[in-house]
Amino acid sequence: MNMLTTKRALPLLIASALLLISCAPKAEKTADSGEKTVSLAVFVPGVLAGSPTYEMMDEGVRKAAAEKGAEVRTVEGGFNQAEWKPQVLALAAEKKYDLIITSNPSMPEICRDIKKIYPDQEFLVLEGSRIDNDTVATFLFSHLDLSYMLGYFAGLVTSSTELDGSNSDLKVGLIAGQEYPEMMQKIKPGFEQGVKAAAPGGSVDFRVIGNWYDAAKASDLAMGMFDEGVDVILTIAGGANQGVVSAAKDKGRYVLWYDTDGYDIEPGVILGSGIIREDIAAYEQTHLYLEGKLEQGSSVYAGAAEGYVDFIEESELYRTHVPAAIREALTLEADRLRNGSLKLD
Amino acid sequence: MSDNSKIVLELKNVTQIFAESGVRACHDISMQVQGSEILAVMGENGAGKSTLMFLISGFMEPGRGEILCRGGKNPADLRALVGMVHQKPLLAGDLSVLENIILGPEKGLFRKDVLKEEIAAVQERYNLPLDLHLKAKQLTAPQIQRCELIRALWKNKELLILDEPTASLSTTQSEELFELLLRLKGEGKTVIFISHKIHEVMKVADRIAVIRRGELQGIDAKGNLSPREISRLMIGEDTLPGEEPAAEKRGEIDRTGVPVLELSNLGYSETGTRRLDSINLSLYPGEILGMGGIRENGLTHVEDILCGLEQPDTGFILLNGKNRMPLTPLKLRRSGISYIPADRLKRGAAPESTLAENLSVLKRQAGFGSYRKRLFSWAGQFISDHAIKGEAKQKVKTLSGGNIQKMIVARELENNPPLLIVSEPSWGLDFKSRDRLHSQLVQAREEGIAILLLTTDLDELLSLSDRICVLTEGRLTEIERTEEQWNRYYIGEKMTGADRA
Amino acid sequence: MILAIFGSATPLILAALGGLLTERAGILNIALEGMILGSAFAAVIVGGMTGSLALAVLAAIGAGVLAALLFNLGTFTLKGNPFITGLGINVLVPALTVSISQSLYGNQGIIRPDGLSGISRIGGMDIFIPLALLLAVLLQIIFFRTRKGLIIRSCGEQEDLLRARGINPVSIKKEMVIYSGLFSGLAGAALSLGLGVYVPGMSAGKGWIALVAIYLGYRKVPGVVAACLLFSLAEWGANRAQGFLGVPPTLILSFPYFMTMAALWLFSVKKRKKVDCSGGFRVN
Amino acid sequence: MKKFRIPAALPVLALCLGVSALIIFLFSSAPGETLYYFFPAVLSNRLYTGEMLNTMVLLSLTGLGIVLSFRAGSFNLGGEGQVYTGAICAVLAARLLPDLPGALGIPVLLAAGVLGGALLAFISGILKALWNVDDLISTFLLSSGVSKVIDYLISGPLSDPDSYLMTTVPLPEKYRLASLMIPSPFNISFILPLLLLPLFHWFLNHTRQGYELQITGSSSSFARHSGLNTGIYQTLPLTVSGALHGLAGALVLTGTYFAGIQGLTSGLGWNGIAVALIAGNKVPGLLPAALFFAWITQGSRIAVLHSDLSLELGAIIQGVLFLLISSAVLRIKIRRGR
């Protein structure tokens, strides 16, 4: 019986295998026809859906590519950071892409490792910091600037008497998906510094969800914090942010958004929003590359002064829901960062 | 006899072959069952009786042939007509007795109090006391049977099938059951029951059907068949099973040394009830000590305590003079003691494993190289030595009950244990196997093995034991070997506590 | 506090009750996780389109039942291993939700329709909280007061008994899987409608915890509800503890598991008497 | 008796191929290319082949752990945590003993992983043996809890201050298993399943202890009353199962990631269960089952990277394959029974 089925199935299997191999793409053909189009790959360490910053990066790259007639392929890597390296490695191994663009503080080290194996592969990493003798191009946003501004705003909100949702406790909250290095080394300290600058004696209640998608747990955490006197929370927890917003809406408290314009998400609840201009950075850097001006190993550090991170003030919703006194105080402090008179470290 | 209007059930050329094992359980059986009669179905273990009953009760559908129920073929009719009391417990352990009784394909809510009253009325009427609130898993074998009986009567089934109903009953209980069956017959109901025991069949049955190897050997009124004929039809030989091996007069057993097993002041309570009360006994090499009783009257607890499963509240168990408390199954086995449990398919064998694997616990297959090779060749030899009908690589659950017990007994006696604890060894065995088993036990005794026999079967108790003690409501009484006490009536009364009533 | 604990326990209770039905019928329902997620998704989509709570809940139930039908297809029609079939559904559902939302909403993974938040709340209380408790009571009544309940309770234990009584155990099993899809549907609806948003992956292991709760509650309705509450209490405590304990938050995330484990152990120590039942496989 | 199980699974594999091809044809704009990337492309270069083989090695180890515990009647649902524990224990060992020569250091690291995984599973085993604590729940709860603790260790006390990944400091070069198919992580560890699988097959089928273990698994009550030491057979197989998971964890560390990075288990525990079930709970089936599984995962990863197959569609295909593959396993069983 077994042998019979084996005999029957084997030719079938072989046939299908042959068929599959014959499907192999004949990629080399285009190379002969004169001019070679530049091929770019965007590697998203996560998923595009629901991650506006990655969407902005993708958008920026595509805009530049469209202008210069380059091809773009976007690949989503999923949430498991352990899988990113093998995936980028596989992209590089294909030797099809002239430049791989990605965005995450952890990507430079991964790309540098891959560069050791494929020295010809070129990389551009947004959100990545430079090291000495770097082999990949990096572009770093100042999270310290941004979190400071949001912290300062949070301090103003919690000490305000004009806002209905603000109480007398000088407590503000910070919810993170996980305790990752960027969070612990830049965002949390910057945020705390900002809070203390606006509201001396203010404190930051920092809590962690454990993942980036458990919105229910995020909501429970936020509820607890609100019950304990927190009146505004900065949430940096991916999809789970939504739970914080729902909790704040229920409790009549406030949420700060971090990296994209978040006012629309829940008007009146999202009281303040930062932005990281990943689209502009991606566009500019890709453009540079396509013009042959991007050097591997180069790096840009972009803070509030350079205009790549900022607190969004020019929103109708912001103006409607935030009292003028707070807005003015924030502008004052933010301008110090914008014009470079205040330097954080 | 053939009054067509009285026929409730008719089998026409019924054949059943099991696809998985290829076993032909029933072959071309045709017979009629009439209203208000008691029909006994007899046959050896594995003859196909139970399968036939499954077919009749609508539990299985026959592979070939048909079963006509009042002229129709509808299996639903069959189920409505027939109430079956299974041999193996077929109840949901987690449900109460009441819930097990009312479980059925009907729909909707039920009113517990109403149903309880209804069922209590049935119990009252037929004198079948049983606490309806007990969980089925707490029931003893006779209680399980009673539960199914109550259901059949409550459902007003016209045809009752009882699969070896007396296997786990004491003599008195069996007699009560037969009285009930006769009464039901009087009420116009039909009863089919399976049995091995010729004497009880001759006592109550109107007609007797004999099955051998799945084929109907004969069916006739009781008067037309002699025990000798029945036995010949059953086993296909012209030998009447010998009377129970007579308890020969034996020389005095040396009871001066250290007893192999000594129980001292053993006591056990369960949920506040005193189940065992200051049990004392000593067992010496070369004797069979029979302990009679009713399962629920403490015999089960004695078994559980002796096999190390339960810990007594008070008292000690001494093996070869040494205190072995707390006793565990592992300790018991490490002391070389053998144990033939009443619950064969759980404690005595692993039904899902092969025969060889079931024998492997003997640890007799020393040597080098592949254990599998050694085990299977050894097991094959063992199986043929002990005339077990099966193959080494056959799963135990595919063997007949008698063969499983044969395997267990042979295995437990293989190591010449100093002590054998054996509980209900002949449950569900036909008389040939039973005889064989009894002579095995007697021979083991001759070889100097001390045997503690726990049994509800009076005949077994009387014929095998050198000494007998009876457990009544948790207390142990020794029976004197006198004309007056050493007989089934005295012991039976002792067991049920009727002597004190 | 009590309301908060009941609130976060509600999806768990609903899913666990559904799982309990299949468990009693003799099937380990690994697919709860996928069922919850699919239903949470359907609830938000339909709730967002129609603004109707009833339709949203119906859609969630529909999605749960659909996943259950798939489970039945794999397990009974194709005679597959329920564990692998369940895993398959848990892989399949999240992917399907993303594909569907891509075709409906473009590239959005998170769906936050207007006017959905608070839709399931009446007078400050989420209606799913009383609903879950009501269903628990109802289930207890079904188990102990209806004939069907008897059948379900004996199905996982003694299939032959059912056959002997003229009932097909396989159809009971299929039915219970569908009911568990229904319950998981409610669980998903409670999860996403309570927040007014769908987030990919938002079931976040609730199906697994629900399974654990079934065993922890000794496969009885009150026990299962208590187990869910216990877990939510532990989680609530851990959430609060992040605010005042000097212990790193990530470490605190492990507390609910260890507390539940400790509870399980204590119950077992207390309960252990005679162990004479065979182990055997639960999977195949 | 030497009949091999897997040939009978060939028609099923063909069916799986067919169904995935169908899905791809329906949803892909360039189905030919996608199909190529999904299946044969895995063998098209050293990286893909090596990664697949590496996954296969790891999965066959965790699958073996699952089979072993299944056979003894235990259900190890805590594979993920055990793999993770194994990895972190190896990290700790590398920290504590930084100065060993590589030839000694790597075995020490592996041993640490084995011990870690074993210890975690041992707790469940001993709780089952002593108090009849359900192993299915206890392995799951312990694993989930311990995973959070390890997450904490990696992001906290053990974290690499120089890295933006949630990871520990990378292992020194000498503690890494050299790749045999650069740039893939495929390394010498492939020897381990080649040794361990036959060893355990032999153990289960050709030693008394193996038989006793399986009897305990099929009827623990019979085993108890027959005087088998059921306590050991309830504890030890689960412990060894944990040890194998721990080994896989240590191998992931020393052979694949070289650092205790969060998420390095990537489903090894869960997929081990699937592999064990696909293999029909038989040791000889493990390698082909692991190969099948690794191929599908690698194929869908490549297809997502290089064709227009989306992440979701890859997952959908995997899900559908799950629905089919186990059904097939059962069909084979029925056929063989007759």
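Note on naming: letters A, B, ... go to the chains in the order of the sequence lines (proteins, then strands), and numbering restarts at 1 for each one.
Heavy atoms of other residues, nucleotides or ligands lying less than 6.0 angstrom from CH2 of C:W265 number 12 at most.
Minimum interatomic distance between C:S268 and D:W131 (heavy atoms only, all atoms of both residues): CB-O, 3.6 Å. Taking both residues in full, the closest heavy atoms of D:V146 and C:F258 are given as N-CZ, 3.6 Å, listed atom of the first, atom of the second, then distance. Counting all heavy atoms, side chain and backbone alike, D:S138 lies closest to C:M261 at CB-CE, 3.3 Å. Taking both residues in full, the closest heavy atoms of C:Y215 and D:I137 are given as CB-CD1, 2.7 Å, listed atom of the first, atom of the second, then distance. Here the closest heavy-atom approach between residue D:E312 and residue C:S99 is recorded as CB-OG, 3.6 Å. In terms of heavy-atom proximity, C:V91 sits nearest to D:G319 at CG1-N, 3.9 Å.
The greatest number of non-hydrogen atom pairs below 4.5 Å with chain C, out of D:I317, D:L313, D:I316, D:I150, is found for D:I316. Your options are D:V320, D:I273, D:D151, and the one with the most heavy-atom pairs under 4.5 Å with chain C is D:I273.
The side chain to side chain contact (heavy atoms under 4.5 Å, CB included) check on C:D160 picks up B:F59, B:L90, C:Q158, C:R163, with sequence neighbours excluded.
Interatomic distance, CG of D:L323 versus CD1 of C:I89, reported as 6.0 Å (0.5 Å rounding).
In this structure, C:F83 has its ring center closer than 6.0 angstrom to the ring center of D:F75.
Chain D is approached within less than 4.5 Å, heavy atom to heavy atom, by no residue from residues 219-231 of chain C.
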